[in-house]
Amino acid sequence: MADELDEELRDDNGFDAESPSVRPIANDPHPFAHPAEQEFATFLDFYRIRWQYEPTSFPLRWKEGRITEMFSPDFYLPEQDLYVELTTMKQSLVTRKNRKMRELRELYPDINVVLIYRKNYHELLSRFGYGSVDITSLRPDQIERVLLSSTEIQQRVAELGREISNDYAGHSIVLVGVLKGITFFLADLGRAITRPLAIDYLQLSHDVEQGGVRISKDVDLDIQDQHVLLVEDIVNTGVSMNVVLNSLLERHPASLRVCALLDKAERRLVPVEVGYVGFTIPNEFVVGYGLDYRELYRNLPFICVLKRQVYEADASLIELHGTAVVSNDR
Ligand code: IMP
Ligand code: MG
């Protein structure tokens, strides 16, 4: 709604004053032109649909080589490659908006754009609105933003599965997962791999006093002469992974590689070779898709960044060179 008509439209869009104005949970606060946009952003967040607010302005009219009219659709949904324009305004003003939409489509036939009318918008919210479902597991006071949406994760996991299946052609694999953060990644990755495979787990405990990491539950299978793929949720300093790799190598596997969903590469203290990386991420504490903060958030289908003040104020997290690491149970 940020075209040059907006000032006029904003004052007169007829959106109910009592309509909920909910702060978006997962994206940074935006200077939304209207509460309906803010509400729509919250709605998209709830469904883990990535969005950008007014990222593009399309010139519509020119005079003497100067742009005299622009149109900036309210939202762009990168995963759907779709622009969304909300018209929650009065019917009397919709005609002008329709004219702009028509011109936009004529001038830029390759872009996908939809116009959501006031009536459809309310229908959408009442049928699928975030208000109708109770998401007690997402606390706005703890969650900063969505880092990786469910769609992004699923696509990447499928790619990793294909890559691994190709690389291990003609071989069977032993997938070794490090509990407990690996729960969902291992389940999804395992199903994306088309080679025969066995699954085993080990668990670590972090000895806070001695600053060390030890294996508290070892693998059950005999991995000698097996092609072992160690699957990790996240590699941070590499300290944990180094302990695991050394321990597995003592058992003389035929080969040993690592697949990590997330890599905080800039935090590395111990060099470890990670053959397959899902995503390289910035140095922030993340939760979801198996990863926890105090055992919470593992069941989120997407990955979020925890607010810095939450983990920095938490004594149960060790500050490890700027990155918090859960001290005991993973
Ligand atoms: P490292 O030994 O420093 O590489 O730490 C790796 C382990 O720390 C991971 O397997 C996780 O259990 C935990 N960890 C590190 N960063 C995060 C995070 O951002 N969220 C949740 N757990 C984390
Ligand atoms: Mg953990």
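Both ligands and their constituent atoms are indexed starting at 1 by order of listing. Since the model is a prediction, treat every value here as computed from it, not as a measurement.
Near S240, meaning under 4.0 Å from any of its heavy atoms, are these atoms of ligand 1: 1 (P), 2 (O), 5 (O), 6 (C). Near E284, with a cut-off below 4.0 Å to any heavy atom, the atoms of ligand 1 are 19 (O). Taking a cut-off of under 4.0 Å to the non-hydrogen atoms of L291, the atoms of ligand 1 that pass are 21 (C), 22 (N). Residue K264 approaches ligand 1 through these ligand atoms, each under 4.0 Å from one of its heavy atoms: 16 (N), 17 (C), 18 (C), 19 (O). Near T237, meaning under 4.0 Å from one of its heavy atoms, ligand 1 places the atoms 1 (P), 2 (O), 3 (O), 4 (O).
Considering backbone and side-chain N/O of V235, none are found under 3.5 Å from N/O of ligand 1. Between H206 and ligand 1, no N or O atom pair is found at a separation short of 3.5 Å. Between G238 and ligand 1, at least one N/O pair is under 3.5 Å apart.
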side-chain contact (heavy atoms from CB on, under 4.5 Å) for Y168 and L229? Distances and angles first, verdict last. CA-CA 10 Å; Y168 287 84; L229 182 60; 4.0 Å; yes
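Using modelled atom types, one finds a donor on one side chain and an acceptor on the other under 3.5 Å when comparing Y76 with D81. Side-chain polar atoms of Y53 and E37 form a donor-acceptor pair below 3.5 angstrom.
With a 4.0 Å cut-off on non-hydrogen atoms, D233 touches ligand 1 through its side chain and not its backbone. Neither the backbone nor the side chain of R267 comes within 4.0 Å of ligand 1, counting heavy atoms alone.
The side chain to side chain contact (heavy atoms under 4.5 Å, CB included) search around P59 returns W62, I67, M70, Y108, not counting sequence neighbours. For L221, the side chain to side chain contact (heavy atoms under 4.5 Å, CB included) partners at least two apart in sequence or on another chain are V174, A198, D200.
Side-chain atoms of R257 never come within 3.5 Å of backbone atoms of H227 as a donor-acceptor pair (strictly under, hydrogens ignored). Distance alone, capped at 3.5 Å, is enough to place a donor-acceptor pair between the R105 side chain and the V113 backbone.
In this comparison of I182, I234, N242, the heavy atom closest to atom 11 (C) of ligand 1 sits on I234.
Taking 4.0 Å as the cut-off, M241 does not count as a neighbour of ligand 1 on heavy-atom distance.
Within a 6.0 Å radius of CD in Q224, other residues, nucleotides and ligands contribute more than 12 heavy atoms.
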